[in-house]
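Only one structure is covered here, and it is reproduced in the block below.
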Amino acid sequence: MKFRNFKMVDYVVYGRGAFNQLDEIITPHRKNGKPMVFLVDHFFDRKPLVSRVPAKGNDTIIFADVTYEPKTTYVDKLAQQLKDEFGSVSGVIGIGGGSTMDLAKAVSLIMNNPGSSADYQGWDLVKNPGVYKVGIPTLSGTGAEVSRTTVLTGPTKKLGMNSDFTPFDQIVLDPELTTNAPANQRFYTGMDCYIHCIESLEGTYLNEFSKSYGEKALQLCQKVFVQKDTWDDECDDMLMMASYAGGMSIAYSQVGVAHAVSYGLSYLLGTKHGIGNCIVMNHLEEYYPAGVKEFKYMVEKNKIEIPAGICKGLSDEDFEKMINVSMGMKPLWENALGKDWEKIMTREKLRTLFEKL
Ligand code: NAD
Ligand code: ZN
């Protein structure tokens, strides 16, 4: 048995208003004449948060277009733009949801690694550390703030740049930044965390390390989405820690059926991660009975619409594509169903599941 020895985020600051410490935190990382790059979720364009970004000198603020989940072409374009304008930079600071944080990680890596980000989609392909990188979530749930991956859609696959160089050097967890996120978005991204917990806790890869974090994260999600009747600051505080702990849990285990199937949807239909997981989770009673029951309760209680019928009218070829992508996620299936997963989740069975979505 060989145990995973994983790299974690170096520095973490948590608290309401922690964003105000950003200037002080990044100052020691400024290199002579080289700018800090603030990659800010386009949602904040012309919003008050922008005036609080501690940009000075030749620092630059770029609004990240996250209409679509991050693509390798977009990462390459951003990195090239920075190389052309500045040669190199002091650091990249990603402020936004999972998409913006992933973009920031990927751009940081491509600043110091030759070629395209598509060349590094996989496990441990990145050769050099990236430039200094900071992650500042404005939505809670993905765990992208703690993970060793950055999920990218490339020319041939949707796969992360998984490496020891991928985790942030610093994260700033300020729950104030998630205030006022739309209820639906907050729910979809929050459910990403809930589903991470269920998949981790019900998985065969579980050990005490991931269980400890997974149970805590699950409890926080339940407080927020089951026990609370109205959204308040405490919900934002708790969900931000749930996301962190949920991310820590899957770092040492793995996700499962909902993610494996959701990746198929996302590849073919461009369905976004959070909502795609919800669409799938709605139909997974067979695999996660208690989790799905509670999930449905939370959907109802929080008055959320989960889209249905998104696979209606797809061709056999389309289904084949989704099945191929989904079946390719071997570790996810193995975690969910054990070593003999291929005997349990056949292509026919998966097709039937996709047809229900
Ligand atoms: P997102 O980053 O895609 O953002 C969703 C929407 O919310 C966008 O329109 C964005 O502009 C908006 N938004 C962001 N913050 C807001 C705020 N405070 N108020 C209002 N709107 C706001 O959503 P997400 O669910 O956080 O992230 C999903 C992405 O994360 C996917 O690309 C997925 O692949 C990735 N992901 C990565 C990991 C990882 O480990 N690296 C894990 C899970 C998911
Ligand atoms: Zn997820």
Side-chain angles (χ1 to χ4, degrees), residues 6 9 19 39-45 47-50 63-72 74-75 94-106 109 121 133 135-154 158-163 166-168 171 174-200 217 231 236 239-240 242-244 246-251 253-263 265-267 270-278 280-281 329 332:
F6 62 85
V9 167
F19 187 78
L39 194 58
V40 182
D41 194 308
H42 65 176
F43 169 79
F44 294 102
D45 194 0
K47 299 262 170 33
L49 183 67
V50 180
F63 289 104
D65 183 349
V66 294
T67 315
Y68 304 103
E69 294 192 340
K71 293 188 170 71
T72 53
Y74 189 38
V75 171
I95 306 172
S99 296
T100 304
M101 287 193 283
D102 275 0
L103 279 171
K105 289 193 216 181
L109 292 172
Q121 285 181 282
K133 54 183 163 341
I136 309 181
T138 64
L139 285 172
S140 295
T142 64
E145 64 276 22
V146 287
S147 76
R148 83 190 282 278
T149 188
T150 158
V151 184
L152 301 176
T153 304
K158 179 170 181 184
L159 188 60
M161 296 162 79
N162 291 265
S163 82
T166 310
F168 285 115
I171 56 177
D174 181 347
E176 231 168 54
L177 304 182
T178 65
T179 313
N180 298 330
N184 271 315
Q185 183 63 56
R186 203 161 52 191
F187 186 84
Y188 299 144
T189 305
M191 281 304 112
D192 191 20
C193 176
Y194 179 83
I195 295 169
H196 290 159
C197 295
I198 300 296
E199 291 179 323
S200 173
W231 196 276
D236 286 315
L239 199 54
M240 191 158 269
S243 177
Y244 178 91
M248 291 298 288
S249 179
I250 46 174
S253 58
Q254 192 37 283
V255 287
V257 182
H259 276 76
V261 178
S262 166
Y263 268 105
L265 293 179
S266 138
Y267 185 78
T271 315
K272 292 192 166 184
H273 189 81
I275 194 164
N277 287 345
C278 288
V280 181
M281 189 68 173
M329 317 298 293
L332 282 65

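Here, residue 1 is the first one in the sequence, and each next residue gets the next number. Note that the structure is a prediction, hence the values are computed from the model and not measured. In each ligand, atom 1 is the first atom listed, and ligand 1 is the first ligand listed.
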Exercise for the section: Report yes or no: does a heavy atom of Phe44 sit under 4.0 Å from some atom of ligand 1? Expected result: yes
In short, Ala217 meets Cys193 closest at the heavy-atom pair CB-SG, 4.5 Å
Nearest heavy-atom contact between Gly94 and Met101 is O-CG, 4.4 Å
In terms of ring plane angle, is the pair His196 and His273 parallel, tilted or perpendicular, where the classes change at 30° and 60°? tilted
Margin query: Is the shortest side-chain heavy-atom distance between Thr138 and Phe19 below 4.5 Å?
Written below: no
query = Are any side-chain N or O atoms of Lys158 and backbone N or O atoms of Val151, one a donor and one an acceptor, separated by less than 3.5 Å?
reply = no
Nearest heavy-atom contact between Tyr188 and Cys278 is CD2-SG, 4.1 Å
Rounding to 0.5 Å, atoms OG1 (Thr100) and CD1 (Ile136) come to a distance of 11.5 Å
Mark the output for Leu177 as yes if a heavy-atom distance to ligand 1 is under 4.0 Å, and as no if none is. yes
Tightest non-hydrogen contact, residues Ser140 and Thr189, listed as O-CG2, 3.3 Å
In terms of heavy-atom contacts, Ser243 and Glu145 come closest through OG-OE2, 2.6 Å
At a threshold of 2.8 Å, where the distance has to be below it, does the Zn ion (ligand 2) have an N, O or S atom of Cys193 nearby?
no
Closest to atom 4 (O) of ligand 1 among protein heavy atoms sits Leu139 CD1, 3.7 Å
Within the 4.0 Å heavy-atom cut-off, what Asp41 brings close to ligand 1 is side chain
Rounded to the nearest 0.5 Å, the OG1 atom of Thr178 sits from the CH2 atom of Trp231 at a distance of 7.0 Å
Ligand 1 atoms nearer than 4.0 angstrom to some heavy atom of Pro182 are 20 (C), 21 (N)
Nearest non-hydrogen protein atom to atom 40 (O) of ligand 1, with distance, is Ser147 OG, 2.6 Å
for atom 6 (C) of ligand 1, nearest protein heavy atom and its distance come out as Gln185 OE1, 3.6 Å
Main-chain N/O of Gly97 paired to Thr142 side chain as donor or acceptor, under 3.5 Å: no
So, Asn277 and Ser262: side-chain donor and acceptor under 3.5 Å apart, yes or no?
yes
Under 4.0 Å between heavy atoms, the region of Ala144 that gets near ligand 1 turns out to be both
Atom 3 (O) of ligand 1 sits nearest the protein heavy atom Ser99 OG, 2.6 Å
The protein heavy atom nearest to atom 41 (N) of ligand 1 is Asp102 OD1, 2.8 Å
Note: ligand 1 atoms sitting under 4.0 Å from heavy atoms of Val66 are 8 (C), 10 (C), 11 (O)
**Q.** Thr179, any N or O under 3.5 Å of ligand 1 N or O
**A.** no
Exercise. For ligand 1, is there an N or O atom under 3.5 Å from any N or O atom of Thr138?
Worked result: yes
Does some non-hydrogen atom of Gly96 fall short of 4.0 Å from ligand 1?
no
**Message:** With a 4.0 Å cut-off on heavy atoms, is Pro70 in contact with ligand 1?
**Reply:** yes
protein heavy-atom neighbour closest to atom 31 (C) of ligand 1 works out as Glu69 OE2, 3.2 Å
protein heavy-atom neighbour closest to atom 19 (N) of ligand 1 works out as Phe43 CE2, 3.3 Å
Near His42 (heavy-atom distance under 4.0 Å), the atoms of ligand 1 are 11 (O)
Have Ser99 and Lys272 got a donor and an acceptor in their side chains that come within less than 3.5 Å? no
Open item on the list: Under a 3.5 Å distance rule, please check whether Tyr74 uses its side chain to pair with a backbone N or O of Asp65 as donor and acceptor.
Closed with: yes
In ligand 1, the atoms that come under 4.0 Å of a heavy atom of Thr149 are 39 (C), 40 (O), 41 (N)
One finds that the ligand 1 atoms under 4.0 Å from a non-hydrogen atom of Asp192 are 43 (C), 44 (C)
The atom of His273 among N, O or S that is nearest the Zn ion (ligand 2) is NE2
To atom 30 (O) of ligand 1, the nearest of Ala181, Gly97, Gly98 on a heavy-atom basis is Gly98
In this structure, atom 33 (C) of ligand 1 is nearest to the protein heavy atom His273 CB, 3.7 Å
min-distance N/O/S atom, Asp192 vs the Zn ion (ligand 2), resolves to OD1
Nearest heavy-atom approach of Ala181 to Arg186 is O-NH1, 3.5 Å
